[in-house]
Amino acid sequence: MNKTIFTKSQWLIASLAILVLVGCAKQNAQIVTVNGKTMGTTYSVKYLPSDGKGSISTQQLTNLLDERLIQINQLMSTYISDSELSMLNDAPAHQAFPISEETASVIRKALELSELSDGMLDIAVGPIVNLWGFGPNLRPEKIPSPEQLLAAQALTGAKSFVLEGNSVIKSNDDVYIDLSTIAKGYAVDELALILESYNITNYLVEIGGEMRLSGKKPNEQDWVVAIEKPISQQRAIQRTIVIGNNAIATSGDYRNYYEEDGQRFSHLIDPKTAYPIQHNLVAVTVVAPSSMEADGLATALIVMGPETGKELAERENIAALFITKDEDGFNEFRSTAFDRQVKVIQ
Ligand code: ADP
Ligand code: MG
């Protein structure tokens with residue numbers, strides 16, 4: 001099995017799904033920027049230093065952020081062969097495998113979102129992802145056979161494992177849990193917590209396109225976020241928005257896909273059919289208080305598709321922007337909660 005880490009990341013190095021327009025800072029405006037690499041992609045933290053008590057030097061803060069990311073990777077990356085998650089994936093079925101409270105809490109959140117989305121967000125979908133060749137840079141030699149897909153499907157979904165307290169019990173040796181869909185979001189939240197613990201309240205934290213914002217830029221300017229148009233050939237802006245003290249995540253099938261015989265295969269899998277999603281919903285952006293929630297929900301909604309995705313967003317008051325690709329071009333649908341919570345600038 002390919003040990004895929006937080007997939008899609010290679011695409012994101014070249015192109016972030018969400019761009020921030022860092023406006024021209026004026027004279028005494030001093031945004032500090034810390035950049036680095038993590039989870040197979042890049043991260044960026046921008047903040048206004050707090051002065052006085054409890055302040056911290058950029059170097060010290062950089063070290064803390066880096067250390068925290070290394071810790072999280074050592075727990076949840078499937079790219080690191082001795083990470084906690086990799087050891088869980090290697091563990092035999094039918095016995096309790098104890099994990100950290102931290103990893104358990106992320107799995108718990110994923111299971112909650114899975115239930116909310118009627119199983120469409122599925123962190124055990126890995127065996128199917130793999131058959132379709134969405135390990136990094138891989139393509140299947142040919143389309144997987146129905147038999148292969150059925151066999152992989154038997155390893156996925158709610159039946160694949162249970163979380164009891166902080167222990168996981170797999171139902172089959174080959175069950176493979178992949179936290180790609182929410183681990184970046186989780187890490188963004190954790191970095192934000194570090195900043196806040198040093199009284200930094202004006203910041204932007206971003207890992208591979210998952211982003212969380214707080215406060216303002218210098219001179220009381222809002223952080224402005226650009227949502228990209230869902231096209232793979234070039235970069236263009238669909239919307240610019242202000243989201244307040246919230247996180248934002250976009251899930252799309254327009255960067256990470258391949259084409260075979262003119263057909264497009266997305267890296268997002270419909271667990272019910274074991275096929276890559278095939279509907280006309282090409283991108284979903286979610287704004288939520290936590291980055292983990294925004295990250296997971298964006299993936300859940302796009303996999304659900306235009307009708308059920310919109311229904312769920314309305315029913316659960318999720319602030320979501322859907323972009324569909326129709327005969328007349330791109331069409332946009334914004335949930336009621338999105339219009340209420342988000343200021344659309346353009
Ligand atoms: P996006 O930001 O486009 O949602 P992510 O990197 O967050 O992308 O998650 C996509 C990855 O999650 C895929 O590459 C695949 O490994 C995995 N995945 C695919 N389908 C599903 C699904 N239905 N539920 C959970 N994870 C999935
Ligand atoms: Mg996601």
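Along the sequence shown, the residues carry numbers beginning at 1. Atoms within each ligand, like the ligands themselves, are counted from 1 in listed order.
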If the cut-off is 4.0 Å to any non-hydrogen atom of D122, which atoms of ligand 1 fall inside it? 22 (C), 24 (N), 25 (C), 26 (N)

Is A298 near ligand 1, meaning one of its heavy atoms is under 4.0 Å from it? no

Ring centre gap for W223 and Y203 strictly below 6.0 Å: no

T250 touching ligand 1 at heavy-atom level, < 4.0 angstrom: yes

Donor-acceptor pair, S86 side chain versus I80 backbone, under 3.5 Å? yes

For L268, take its heavy atoms, then give the atoms of ligand 1 lying under 4.0 Å from any of them. 10 (C), 19 (C), 20 (N)

Would you say K109 and E293 make side-chain contact, with heavy atoms under 4.5 Å? yes

Here the atoms of ligand 1 under 4.0 Å from any heavy atom belonging to M120 are 22 (C), 23 (N), 24 (N)

Under 3.5 Å, is there a donor on one side chain and an acceptor on the other for T38 and N73? yes

Taking the six-membered ring of F333 as reference, does the cationic atom of K310 (NZ for Lys, CZ for Arg) lie under 6.0 Å from its centre and within 45° of its axis? yes

Check this for me - ligand 1, I269, N or O atoms closer than 3.5 angstrom, yes or no? yes

Enumerated ligand 1 atoms positioned under 4.0 Å from heavy atoms of K184: 6 (O)

Between ligand 1 and I123, is the shortest N or O to N or O distance under 3.5 Å? no

Salt bridge or not between E101 and R108? Use side-chain N to carboxylate O under 4.0 Å. yes

Taking only non-hydrogen atoms of G252 and a 4.0 Å limit, the atoms of ligand 1 in range are 3 (O)

Hphob cluster co-occupancy, L193 + L213, side-chain heavy atoms under 4.5 angstrom: no

From the candidates I277, I182, V125, the one that places a heavy atom nearest atom 18 (N) of ligand 1: V125

V303 neighbourhood, listing ligand 1 atoms whose heavy-atom distance to it stays under 4.0 Å: 23 (N)

Do the non-hydrogen side-chain atoms of L191 and I207 ever get within less than 4.5 Å of each other? yes

